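All values derive from a computational prediction rather than experimental measurement.
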Amino acid sequence: MIEIPKAYEPQSVEAKWYPIWESRGYFKPRGEGRTYTITIPPPNVTGSLHIGHALCYSLQDALIRWKRMQGYKTLCVPGTDHAGIATQNVVEKELRKEGLTRHDLGRERFVERTWEFVNKYGGVILEQLRRLGCSFDWDRTRFTRDEGYVEAVMECFVRWWEDGLIYRGKRVINWCPGCLTAISDIEVEHEDRAAKLYHLRYPFKDGSGSVVVATTRPETMLGDTAVAVNPSDERYKDLVGKTIVLPLVGREIPLIADDYAKSEFGSGAVKVTPAHDLNDFEAGMRHNLPKVIVIDERGKMSAEAGERYAGLDRFEARERVLEDLAALGLVDKTEDYSVPTALCARCHTIIEPLLSEQWFVRMKDLAQPAIDVVKQGRVSFYPDRYQRTYLDWMENIRDWTISRQLWWGHRIPVWSTEDGEYIVARSDAEAQQKANGKKISQDEDVLDTWFSSALWPHAVLGWPRQTEDLATFYPTSVLVTARDIIYLWVSRMIMTGLYFTKEIPFSDVYIYATVLDEQGRRMSKSLGTGVDPLELIEQYGSDALRFSLLVRAARGQDIRFAKVENGRQPQVEEARNFANKIWNAARFVMMNLGDASKAEAKWVPSDELADRWILAELNATIDQTTRALDEYKLNEAGQTLYHFFWDDFCDWYIELSKSQVAASEETPEVLGARCRILYVLETSLRLLHPLMPYITEDIWQRLPHEGESIMLQEWPTPEAGREDQGARDQMGTLIALITKVRNIRSIFNIPSQSRVKLHLGIADQAVRSLVLSNSD
RNA sequence: GGGCGGUUAGCUCAGCGGUAGAGCAUCGGUCUUACAAACCGGGGGUCAGUGGUUCGAACCCACUACCGCCCACCA
């Protein structure tokens, strides 16, 4: 008897096979078949694997393994993202522990230090993906700041500049006083907060009364340069044009008429602060109003705010302004109010809309082709409802603020001469040359991280160079990603792909489930609601973690993932039990191989009901699994295989053929039964392999086999003529019959040793003979 | 203010036009030599509510109620 452990031991199996797969080059594209390509969403270099990643990359590996078995020339390109703000924040935090700030180091040394950090820890998350079993081509690993990638980013910037799509502009942008940088509209989160609405009274200069304005941000009144009312508002018709003396400041400002003021709101009059509110900025442009910046980058009142307020935090200033106005009797009333508040998506600081000079990309023209390809169905979303989400956003797209006031990132390739002329170049050397001896200095800002990741699919394949990889593997097949980056990332990849390669970057976008904790909250490390996937791999094995996630990954539906309690995670445990079931079924087959282990042992068809039935079920399983994978219904594939393997194969087929398979004497019938059970097992393993790569490989290698690895075996296809609905119906009858007998035995408490007399009222010959031949 | 999901057994979720399913939990029974991480049997559901379409609805349509997410410059 072969010595095989009674329980599946994932640790040793995983440690054994992964290095073999990798060193033998199985993760590389093979053959000359059609290509199937995935460029993975690059995790942040600072990241470590969380459960959402585990799902995301398990999905991609399952797809890649499946397509590889189907004979495609497959490639999955891994990599990481330099993650500007996130990485800079981590390194700054490190510095703070040493009592330093980045300014103590200076830009150059800080960037050096960040590179050191990235070189040291940047590979951690990729190592973790190996633990998961991901069959990615590690030799092609990319980083959004590696040498070739910089080339791609510079090329993009320069081309867009030359084509008039990039411009510099002074306008009100979202400023984060926490991260000390501008951020784009989509990096802002909105939240309603309970606060106050203040009604402030502004007197007219001529002493003829006053006008009341409503505001949630009294401190910005120090920067008011007008008050606006709706032109059709009867109450103010005769007052428009009057001069107001701004309280506390003394500035004379006009009462203007503008549609932007809504008569229904508050008193119908709105204060206008062009430097600190986007709407006010636009109104200011229409009326040529001065723009007074009263809050600085750190969220403190500026000198322009006046001596009494300068240096105060914006929220302290709010209190002081209110006190001062109240002392003058100018606070008309204060009411409770739910204030829509803008927060930085990264650090949750309240955003300060700030007048500032930044670089922008004109999006309208870039968006149109990206809208068209989706409408034409050249790029499809799964689930398809996200197509609407995408289109709605794209059709209302606004210009993209791409400059960031950070040190870690792609520095903007724009130099200015002393006379204020811009030189845009792909490199420092090129800029010097273009400057023709004039003294130049490079823009201090870096690009938004998403500017570089927008180029990911073609850039990782070599663009802007016309590489062989680019020619072979682009456009890619599918993008597997989370729904919260459809705007930030997916849309931009489609836009840049079309712009620079004239091709779509991928034909399918598969939006996978969000992993929530047991209370339905988003899994998050900071909330302490996370589960560590590596601990789960340690405890239950990689296959178990993968299967537990994949079998729940109904397209686009959220997954609630329980936390570890009393050292147990029930969902992964379920998958672990399944792995163990597979192990033991294989063990039974291997213990009873006999001459079936010999190469000359041949598959012999059988007329027996159970044999015809299991083949029919297997055929249906192959068909259903393949179709489910085709439609990104990994959960359905998982469930189908689980049911087939456990219920059909283990509970019925093995049990019914046990007496033959385990017979002590190997008659031709016994050998036939052994060959058949081996066949069903081996085929099942191939079907399970994309979801559970390790255990299927380990068992497959122990079985009689040809070829080097199950990874490289053919994906099963249904065999014509095996459908056999008759066998499935008869087997259904037999199962019902046996269940009924067991039920009766259980009710009457008949011990399993004692035999019962069965009066069969069933005419079906096949059922009768099967019952008679398995009377035990 | 717009839009999108969800509401199915105690829990977590499949099913999305043809006699209600899985895992866990629960109850009863099994050391039946592949597996007690297992095996056998059982109990448990007016499929959120109301109305409609249909021979037939958890599944399609309309409305309602909760829960969640996304978008939006109403001070």
Nearest-Å distance once atom C1' is located in both B:G5 and B:C16:
15 Å
Would you check if the distance from the ring center of A:Tyr510 to the ring center of A:Tyr382 is below 6.0 Å?
no
Applying side chain to side chain contact (heavy atoms under 4.5 Å, CB included), can you list everything that pairs with A:Arg728, at least two apart in sequence or on another chain?
A:Trp613, A:Ala616, A:Glu617, A:Ala620, A:Gln725
Excluding sequence neighbours, so at least two apart, what forms ring pair (Phe, Tyr, Trp, His ring centres under 6.0 Å) with A:Trp652?
none
Please report, rounded to the nearest Å, how far the P atom of B:A34 is from the CG atom of A:Asp651.
14 Å
Using nucleotides 19-29 of chain B, report all nitrogen or oxygen pairs with the protein that are shorter than 3.5 Å.
residue	atom	partner	partner atom	Å
B:G23	O2'	A:Glu574	OE1	3.1

Test ring-ring contact (aromatic ring centres under 6.0 Å, His included) applied to A:Phe381 and A:Tyr632, A:Tyr390, A:Tyr386, the passing residue:
A:Tyr390
One character per nucleotide, please: for nucleotides 69-75 of chain B, 5' to 3', B when the base has a protein heavy atom closer than 4.0 Å, S when only the sugar-phosphate does, - otherwise.
-SSSBBB
With sugar-phosphate meaning primed atoms plus P, OP1 and OP2, does A:Glu573 contact a base, only sugar-phosphate, or nothing at under 4.0 Å between heavy atoms?
nothing
Suppose we screen for salt bridge (charged side-chain N to carboxylate O under 4.0 Å, His left out). Which residues come up paired with A:Asp651, at least two apart in sequence or across chains?
none
Taking the P atom in each of B:G10 and B:G49, what is the distance between them to the nearest angstrom?
14 Å
Expressed in whole Å, how much space separates the P atoms belonging to B:U26 and B:U64?
43 Å
Does anything in residues 564-588 of chain A pair up under ring-ring contact (aromatic ring centres under 6.0 Å, His included), and if so which pairs, sequence neighbours excluded?
A:Tyr8-A:Trp583, A:Phe547-A:Phe578, A:Phe578-A:Tyr642
So, A:Arg314 and A:Glu219, do they make that salt bridge, N to O below 4.0 Å?
no
In this structure, how many angstroms lie between the P atom of B:C35 and the CZ atom of A:Arg587, rounded?
5 Å
Look at all strands and tell whether A:Asn580 reaches a base, only sugar-phosphate, or nothing, counting heavy atoms closer than 4.0 Å.
base
Please report, rounded to the nearest Å, how far the C1' atom of B:C39 is from the CZ atom of A:Phe649.
17 Å
Could you work out, with side chain to side chain donor-acceptor pair (under 3.5 Å) as the rule, every residue matching A:Asp392, not counting sequence neighbours?
none
Do any side-chain nitrogens or oxygens of A:Arg385 fall under 4.0 Å of OP1 or OP2 in B:C4?
no
Looking for any heavy atom pair under 4.0 Å, which part of the strands does A:Lys581 touch: base, sugar-phosphate only, or nothing?
base
Let me see the working for A:Arg217 and A:Glu352 under salt bridge (charged side-chain N to carboxylate O under 4.0 Å, His left out), right down to the final yes or no.
CA-CA 11 Å; A:Arg217 303 198 54 201; A:Glu352 185 57 48; 2.8 Å; yes
Does anything in residues 269-283 of chain A form a salt bridge (charged side-chain N to carboxylate O under 4.0 Å, His left out)? List the pairs, not counting sequence neighbours.
A:Asp224-A:Lys271
Select base, sugar-phosphate, or nothing to describe what A:Arg576 touches, counting heavy atoms under 4.0 Å on all strands.
base
Pair A:Arg552 + A:Glu574: basic N to acidic O under 4.0 Å:
yes
For a quick test of reading the model: is some side-chain N or O of A:Asn584 closer than 4.0 Å to OP1 or OP2 of B:A37?
no
Dump the intermediate steps for salt bridge (charged side-chain N to carboxylate O under 4.0 Å, His left out) on A:Lys364 and A:Glu395, then the final yes or no.
CA-CA 8 Å; A:Lys364 273 261 177 306; A:Glu395 277 159 2; over 6 Å; no
What pairs meet the salt bridge (charged side-chain N to carboxylate O under 4.0 Å, His left out) rule with one or both residues in residues 253-265 of chain A, with sequence neighbours excluded?
A:Asp258-A:Arg286
Output all residues satisfying side chain to side chain contact (heavy atoms under 4.5 Å, CB included) with A:Glu538, sequence neighbours left out; order by chain, then residue number.
A:Gln11, A:Arg131
What's the gap between B:C69 and B:C27 when it is taken at their P atoms, as a whole Å value?
37 Å
Nearest-angstrom distance, P atom, B:G68 to B:C13
14 Å
Taking only nitrogen or oxygen atoms into account, show me every contact under 3.5 Å that the protein makes with nucleotides 13-16 of chain B, one pair per line with its distance.
residue	atom	partner	partner atom	Å
B:C13	OP1	A:Arg560	N	3.3
B:A14	O2'	A:Gln639	OE1	2.7
B:A14	O2'	A:Gln639	NE2	3.3

Would you indicate what A:Asp484 reaches in the nucleic acid, counting non-hydrogen atoms under 4.0 angstrom: base, sugar-phosphate, or nothing?
nothing
Please measure how far the C1' atom in B:G51 lies from the corresponding atom in B:U12, and state the result in whole Å.
32 Å
Please give the stem ranges for RNA chain B, sorted by first residue number, where a stem is three or more consecutive Watson-Crick or G-U pairs and both donor-acceptor distances are under 3.5 Å.
B:1-7 with B:65-71, B:10-13 with B:21-24, B:26-30 with B:38-42, B:48-52 with B:60-64
Of all the nucleotides listed (B:A34, B:G41, B:C4), which has the minimum atom distance to the side chain of A:Arg388?
B:C4
Looking only at atom C1', what distance separates B:G44 and B:G21, rounded to whole Å?
14 Å
Do A:Gln660 and A:Ser657 get their side chains close enough for a donor-acceptor pair, meaning under 3.5 Å?
no
